[in-house]
Amino acid sequence: KDKMRLEPQLAAIVESHQECMDGSGYPKGVTGEKISIHSKILGVAEEFIALCDDRPYRKKMSLQQAMRTLIGDGRKKFEQKILQILLANLSAFPLGTAVELTDGRKAVVVGANAQVPMRPKVRVLMTSDMKPLPERKTIDLLQEKGLSVKLAIEDDVVRRRIFAQL
């Protein structure tokens, strides 16, 4: 039978992509610079994909939850520059995403902050109890330290009510 053969370099990348910067990975538990850059990149990408997929032991995470998990858990596991590049190229809250802020108000994402993707620019449209606001203010969450996005709103009825305020 024909078996797929990987080039030795590719096989080494795949074999070590579960290694972590702090030595907590596998199969060998190596650390830092002993892990190839290619394995580090593959490891971060694979972790992100795994977080966004259903697993037998947990439901898939939203994009925002996966990014928060990578930011939190990734401090020790991944090379920070690689993690920063991945996160900077993902849009945690794409333009037009309906969101609930930590104070309960409803808003729509109108801009991104590439350096801190979890803190976009939003246009606040509704109160916490879904009443339209007379003044629709745009807020840069990077500048508003006490306010952030609590969650992306996935309920279609709620989203339509918010978008009707645009």
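As a basis for the values below, the full set of heavy atoms in this structure was taken, side chains included, without hydrogen atoms, waters or symmetry mates.
No more than 12 heavy-atom neighbours from other residues, nucleotides or ligands sit within 6.0 angstrom of OH on Y26. Atom CD of Q80 has more than 12 heavy atoms from other residues, nucleotides or ligands within 6.0 Å.
The CZ atom of R160 sits 13.0 Å away from the CD1 atom of I153 when rounded to the nearest 0.5 Å. Distance check: F78 CZ to I35 CD1 gives 10.0 Å after rounding to the nearest 0.5 Å. Here S24 contributes atom OG and Q18 contributes atom CD; the two are 10.5 Å apart, rounded to the nearest 0.5 Å. Distance check, rounded to the nearest 0.5 Å: CD1 of I41 to CG of L83 gives 12.0 Å. Here the CG atom belonging to L51 is positioned 5.5 Å from the OG1 atom belonging to T69, to the nearest 0.5 angstrom. Atom CD of E79 and atom OG of S39 lie 12.0 Å apart (nearest 0.5 Å).
Counting only heavy atoms from C-beta outward, the side chains of L63 and F48 approach each other to under 4.5 Å. Side-chain contact between V124 and R136: absent, with no pair of heavy atoms (C-beta onward) separated by less than 4.5 Å. Annotation: side chain of E19 is in contact with side chain of K28 (closest heavy-atom distance under 4.5 Å). At a threshold of 4.5 Å between non-hydrogen side-chain atoms, the residues L101 and V149 count as touching. Using a 4.5 Å cut-off on side-chain heavy atoms (C-beta onward), K137 and I139 make contact. S36 is listed as a side-chain neighbour of I13, based on a closest heavy-atom distance under 4.5 Å. Counting heavy atoms from C-beta on, the side chains of V122 and V108 never come closer than 4.5 Å. The closest side-chain heavy-atom distance from L133 to M126 is not below 4.5 Å.
Of all heavy-atom pairs spanning P120 and G111, the tightest one is CB-O, 3.3 Å. Heavy-atom minimum distance, R58 versus D53: NH1-O, 3.3 Å. Of all heavy-atom pairs spanning D22 and T31, the tightest one is C-CG2, 3.8 Å. Considering every non-hydrogen atom in both F93 and P117, the closest pair reads CD1-O, 3.9 Å. Considering every non-hydrogen atom in both K60 and D54, the closest pair reads N-OD1, 2.7 Å.
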Show your reasoning for whether side chain to side chain contact (heavy atoms under 4.5 Å, CB included) applies to M118 and M67. CA-CA 8 Å; M118 302 304 286; M67 290 178 78; 3.9 Å; yes

Could you go through the side chain to side chain contact (heavy atoms under 4.5 Å, CB included) check for K106 and L125 one step at a time? CA-CA 6 Å; K106 310 305 184 265; L125 301 171; 5.9 Å; no

Where do H17 and H38 land on the side chain to side chain contact (heavy atoms under 4.5 Å, CB included) test, with the steps shown first? CA-CA 8 Å; H17 83 279; H38 300 98; over 6 Å; no

Using side chain to side chain contact (heavy atoms under 4.5 Å, CB included), reason through V99 and V109 one step at a time and then give a plain yes or no. CA-CA 7 Å; V99 296; V109 175; 4.0 Å; yes

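L151 and L70 fall into different hydrophobic clusters, where Ile, Leu, Val, Met, Phe, Trp and Tyr residues are linked whenever their side-chain heavy atoms come under 4.5 Å apart, directly or through other members. Residues F163 and V158 fall within the same hydrophobic cluster, defined by Ile, Leu, Val, Met, Phe, Trp and Tyr side chains chained together at heavy-atom separations under 4.5 Å.
Checked against salt bridge (charged side-chain N to carboxylate O under 4.0 Å, His left out), R105 has the following partners two or more places apart in sequence or in another chain: D103.
Note on residues 144-156: pairs passing side chain to side chain donor-acceptor pair (under 3.5 Å), not counting sequence neighbours, are D156-R159.
Using a 4.0 Å cut-off between a side-chain N of Lys or Arg and a carboxylate O of Asp or Glu, E47 and K77 qualify as a salt bridge.
Without hydrogens or angle criteria, Q165 side chain to I162 main chain gives no donor-acceptor distance under 3.5 Å.
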